[in-house]
Amino acid sequence: MKQKSEKEQYAKKTISKYMQKIYSYAVRHTGSLDDAEDVSQEILLKIYRAVCVKDIGNMDAFVWRVAKNTLANFYRDKSSQKIVTLENVNPMELQDGTDILGDFVHKEELERLQNEIAYLSKRQREILIAYYYDKKKQTEIAEEIGIPLGTVKWYLSNIKTDLKRGMDKMRNVNELKFNPVRFSSVNLCGDVSRSGCAMDMMNTALAQNIIYLTYHNDMSVNEIADTLNVSPVYVESEIERLEDNSIIVKVGKKYGANILINEAWDELMEKMYFLFDLVTENLASLIFDEIKNSGILDKYKEEYTVPDKDENFLMWTLVFLAMDTSVLESLSGKKNRGINTNSPITFEEVSTERADGRTNILSAVIDNESMRRHIKKTQMDGFNGPIWNGMNDIYVWLIDLPYLNKEIKEEWFIGLERDMRLLQRHHNGEKLHKDDYAYLIAKNYMKKNKDRIELAMVTLKGGKLIEEIMSLADKCTTEVMLKYEKEIKEYKEMILSRDPDRVKRQRMYLQQKMFRTDGMFMNMAHKKLIENGRLKPLSDEQKKSAAMVMIYK
């Protein structure tokens, strides 16, 4: 039996071990960063108290049982809270307002009235609740809201007309009511949010369907509600969240989606496979041969290190790094490099600054049958990259190809600033705590080699070697893309034909990077390079850190 002080120390270590995982779990299941903080703190407090007073055998099972039970209580408490909208108001309780409700006497009409109140504007609902439900005087309402008394009277006189008009028309029912869309993934070009808030805004079915609906046509709250057959109250609330992060933007009195939607269809997929197969066969091998045979690896051998001096492992990193033009963009701070374009579009011109100050372009992939076949065919499920992170003078680049199976999941992105700080300290020659080494080994940055702990990935000095590699890749890409210019143009135009004007230039910016900063190309390239023998198979341990590089200035 542990003593009290020992139990407290053990409890603190337990909390530290599970803190990040529990917070990530709470974010995924609450859909709100504020709620996630509250829930995760409650979970951690319960675990701490329990560990302080009793011995727990299977800690993992206990922690997740507490987490699930706490989350269930959170859902139950939240569903029981009274929301001040007319959705919660019994129409019978409103009958004192006879000049609006006195005309509606039948139960069916009362039910329709309750539904129709939700279609009033936010201000109309606010005044209606205050006057008929809270029994406030018109002068009180005017004072509380901060509008003239005459305006309150005008609202009240018009509410009846709007309610009657709404009840007299048939609300639309759209296929999305029965068959809603779902995003299979959300992708990002630019700055990664520290909190993930822009991504988190799109984790509900309602948010995803609002974005999808407003992608091709600007729509009002009521039009969205009609189409989805959902109360406008909920649509309005969801749009406020999305608008805060510029995922939805105001267009006059309507709203339009401000992200790219990637929706597969069979004709597009067939054209894509044909084009990428055609280009990859030539381009991947050309880039590999240029790096290998140009002599730059001997010329600049002081600018890189490779674990165990394994040349094949080095090429697994350099060949894919060369395919990513964002490397020089990130090192130079310029995000406008394009290949084979007469009028390059800059990142600054088309990107969006989010509420957290991060600037990026977001795109969502629609989960449909064509996309599922594509993911299965290309093994792109769970695929990540290219990923780029940095702090001060240390940067880490990586791509998680299906062959490498690094399993870069959501939890991996937690603590990236810590990753960079620890790698910076290691690079500066500092001895780290054993827990820090264990952490870096778990994330595949480092490995144990007999009695030593060392970097498991390639390192590169940000200098001439990187510039030479990128220059060679640019030359190869331009040569091959000019060869297949007609096929590439047709493919680009097919995609653009389905994009609204509002986001066309975002799409065109990304298209400038086709076969440069292109995860799909890299995914297909590794298969070609293994098939033709240029890249050799890796050991299971090597796979964890291959196609990963630390770059230092």
Side-chain angles (χ1 to χ4, degrees), residues 30-32 34-35 38 74-171 204 206-207 210 219-226 228-244 248 250 252-255 355:
T30 63
S32 161
D34 290 338
D35 288 341
D38 292 342
F74 165 78
Y75 287 142
R76 188 161 48 249
D77 292 344
K78 194 155 189 173
S79 65
S80 66
Q81 291 173 3
K82 188 173 184 68
I83 303 171
V84 185
T85 72
L86 266 291
E87 291 288 311
N88 302 94
V89 177
N90 185 338
M92 298 300 292
E93 293 176 330
L94 298 175
Q95 289 196 8
D96 285 341
T98 51
D99 45 326
I100 288 186
L101 300 170
D103 296 337
F104 306 108
V105 293
H106 300 296
K107 181 181 178 182
E108 293 82 1
E109 288 182 320
L110 286 170
E111 289 173 352
R112 288 175 60 204
L113 170 63
Q114 182 184 19
N115 181 65
E116 198 58 42
I117 287 170
Y119 282 84
L120 295 173
S121 70
K122 190 174 183 178
R123 178 53 56 84
Q124 284 178 315
R125 294 196 309 271
E126 185 179 15
I127 292 172
L128 183 68
I129 291 169
Y131 188 66
Y132 289 99
Y133 183 59
D134 295 335
K135 311 295 185 186
K136 292 182 179 179
K137 295 179 180 179
Q138 294 178 12
T139 51
E140 288 181 87
I141 299 170
E143 186 176 341
E144 287 180 4
I145 296 177
I147 60 176
L149 176 60
T151 305
V152 174
K153 292 180 177 180
W154 179 84
Y155 270 112
L156 288 170
S157 68
N158 279 278
I159 286 171
K160 179 177 180 179
T161 303
D162 289 347
L163 286 173
K164 279 184 171 289
R165 185 187 302 120
M167 291 180 70
D168 287 342
K169 76 176 182 179
M170 182 71 72
R171 295 285 177 193
T204 67
L206 181 56
I210 289 172
M219 300 180 76
S220 69
V221 169
N222 283 356
E223 287 171 338
I224 296 168
D226 278 352
L228 297 177
N229 205 32
V230 174
S231 166
V233 179
Y234 301 129
V235 172
E236 192 173 57
S237 174
E238 201 73 2
I239 279 182
E240 285 177 1
R241 294 195 322 127
L242 294 169
E243 193 179 9
D244 283 345
I248 293 280
K250 197 80 178 282
K253 294 184 178 181
K254 298 188 177 185
Y255 295 91

Nearest-0.5 Å distance that lies between atom CD1 in I239 and atom OG in S220: 8.5 Å
Pairwise distance CD(E236) to CG(N222) - rounded to 0.5 angstrom: 8.5 Å
Beyond-backbone contact of V230 with E238, side-chain heavy atoms, under 4.5 angstrom: no
Report, one line per pair, each donor and acceptor closer than 3.5 Å where one atom sits in a side chain of residues 136-151; sequence neighbours left out.
unit_1: K136; atom_1: NZ; unit_2: E144; atom_2: OE1; d: 2.9
unit_1: K136; atom_1: NZ; unit_2: E144; atom_2: OE2; d: 3.2
unit_1: E140; atom_1: OE2; unit_2: K137; atom_2: N; d: 3.1

Any side-chain heavy-atom pair of V221 and Y255 under 4.5 Å: yes
L242 side, atom CG; L206 side, atom CG - distance, nearest 0.5 Å: 8.5 Å
Shortest non-hydrogen separation from M219 to E223 and the atoms involved: CA-OE1, 3.3 Å
Set of residues satisfying salt bridge (charged side-chain N to carboxylate O under 4.0 Å, His left out) with respect to K250, sequence neighbours excluded: none
Distance in Å, I210 CD1 paired with R241 CZ, rounded so as to fall on 0.5 Å steps: 9.0 Å
Test salt bridge (charged side-chain N to carboxylate O under 4.0 Å, His left out) applied to E240 - qualifying residues, sequence neighbours left out: K122
